[in-house]
Amino acid sequence: MNDIQWYFPKTLEEVQPHLKRDGVKLHGGGTWILRGSMRGIKGLVDLGKLELHSFRKDSQTVEMGAGMTYAETIRSMTTINPDHILVKALQHAASTPLRNIITLGGTIFSFPVWSDLMGPLIALDADVVLMGERSEAYSITEYVKSSALRKESLITHVRFKNIGWNAYYYREVKTSFDYPAFTITILLKKNKNLIEDTRIVVVGCAGKFSRVKKIEDYLKGKTTDSLEIDGIAQTHELKFTKKRSLEPAYLEHCAGVQIERSISELTRG
Ligand SMILES: Cc1cc2nc3c(=O)[nH]c(=O)nc-3n(C[C@H](O)[C@H](O)[C@H](O)COP(=O)(O)OP(=O)(O)OC[C@H]3O[C@@H](n4cnc5c(N)ncnc54)[C@H](O)[C@@H]3O)c2cc1C
């Protein structure tokens with residue numbers, strides 16, 4: 001294996017020159033980097049000493065540093081709402097030791113198809129704050145679709161509106177410690193029994209993720225007691241590719257069944 005030079009910047013300014021260097025990678029939790037080939041990696045920039053663990057909230061916005069781990073995120077978000085979608089999603093991700101090292105920034109950059117973070121962030125319509133080639137905030141969907149934005153940039157923060165959504169999260173797994181075949185995130189804003197707004201995101205389908213717009217549109221403006229949930233998922237239009245010996249048609253069927261069950265749980269209690 002090639003010799004790897006480690007760098008331990010203490011300020012964001014010290015990271016800047018590394019962003020453009022060939023073969024030099026940022027290191028958050030390192031769990032994705034270790035999974036891949038180390039060939040071609042000449043240097044790793046440890047982000048652990050940077051001020052990227054801040055957590056700020058007010059009545060409008062929540063902002064989290066990209067260096068926050070899954071475990072830190074769960075602890076911080078629990079202070080706002082123990083039933084927050086990020087708490088529900090991340091508490092079952094990977095394992096306790098891994099939740100202590102996996103970072104928000106490393107996950108957003110790498111976006112594994114089994115990610116438990118990305119569905120909630122996409123549903124929350126989060127913004128990603130960058131430093132480097134592009135020092136601005138971008139919507140998370142724009143960021144994940146644009147290789148230009150991901151190039152030579154450090155994610156410093158992620159932020160989203162502090163809205164009191166009702167939330168439901170589902171992981172399609174065979175055992176509790178398993179990469180999910182897909183995940184479902186559902187957010188619902190209710191005024192008494194009127195559904196004012198909803199967001200449904202599936203991660204792990206073809207194209208990596210999808211908003212389930214047809215079902216969102218069906219739910220919006222309806223009262224929970226007027227919903228016809230049975231068969232609602234026949235309109236989901238989600239496509240899957242074969243994964244881990246599971247056929248696309250089977251995954252499409254499972255996603256439909258679980259979307260219906262999730263909506264039923266959220267609307268009927
Ligand atoms: C056995 C195992 C099981 C797992 N199970 C799950 C699971 O069930 N659910 C789940 O959600 N995740 C799971 N994960 C984690 C997931 O697979 C990724 O490894 C993880 O999300 C990557 O985060 P990281 O902080 O370790 O990133 P790193 O490995 O540090 O970095 C990943 C990439 O992002 C870049 N990067 C890092 N930080 C930044 C930044 N701030 N700005 C820009 N680029 C950056 C790096 O250069 C690298 O290219 C599992 C991991 C393992 C090893």
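Numbers for residues simply follow the sequence, beginning at 1. Every number for a ligand or one of its atoms is a count from 1 in the order of the listing.
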Taking the non-hydrogen atoms of [X], is any one of them nearer than 4.0 angstrom to ligand 1?
X     : answer
His92 : no
Arg35 : no
Ser95 : no

Just to confirm my output: which protein heavy-atom neighbour is closest to [atom], and how far is it?
atom                    : answer
atom 1 (C) of ligand 1  : Tyr179 OH, 3.7 Å
atom 34 (O) of ligand 1 : Phe109 CD2, 3.2 Å
atom 9 (N) of ligand 1  : Asp116 OD2, 2.7 Å
atom 46 (C) of ligand 1 : Leu26 O, 3.0 Å
atom 12 (N) of ligand 1 : Tyr70 OH, 3.9 Å

For the residue pair Asp116 and Tyr169, confirm or rule out a side-chain donor-acceptor distance under 3.5 Å. yes
Under 3.5 Å, is there a donor-acceptor pair between the Gln60 and Asn162 side chains?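 Per modelled atom types, Gln60 and Asn162 side chains form no pair under 3.5 Å.
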Report the part of Thr156 (side chain from C-beta onward, or backbone N, CA, C, O) that has a heavy atom under 4.0 Å from ligand 1; answer both or neither where that applies. neither
Ring pair (Phe, Tyr, Trp, His ring centres under 6.0 Å) against Phe182, all qualifying residues, sequence neighbours excluded: Phe240
Decide salt bridge (Lys or Arg N to Asp or Glu O under 4.0 Å) for Asp125 and Lys161; before the verdict, give the C-alpha distance in whole Å, the side-chain angles of both, and the deciding distance to 0.1 Å. CA-CA 8 Å; Asp125 215 2; Lys161 290 201 179 107; over 6 Å; no
Within ligand 1, which atoms have a heavy atom of [X] less than 4.0 Å away?
X      : value
Arg171 : 7 (C), 8 (O)
Thr31  : 18 (C), 19 (O), 20 (C), 22 (C), 23 (O), 24 (P), 26 (O), 29 (O)
Ser115 : 11 (O)

Sequence neighbours excluded, the answer for salt bridge (Lys or Arg N to Asp or Glu O under 4.0 Å) partners of Glu216 is Arg211
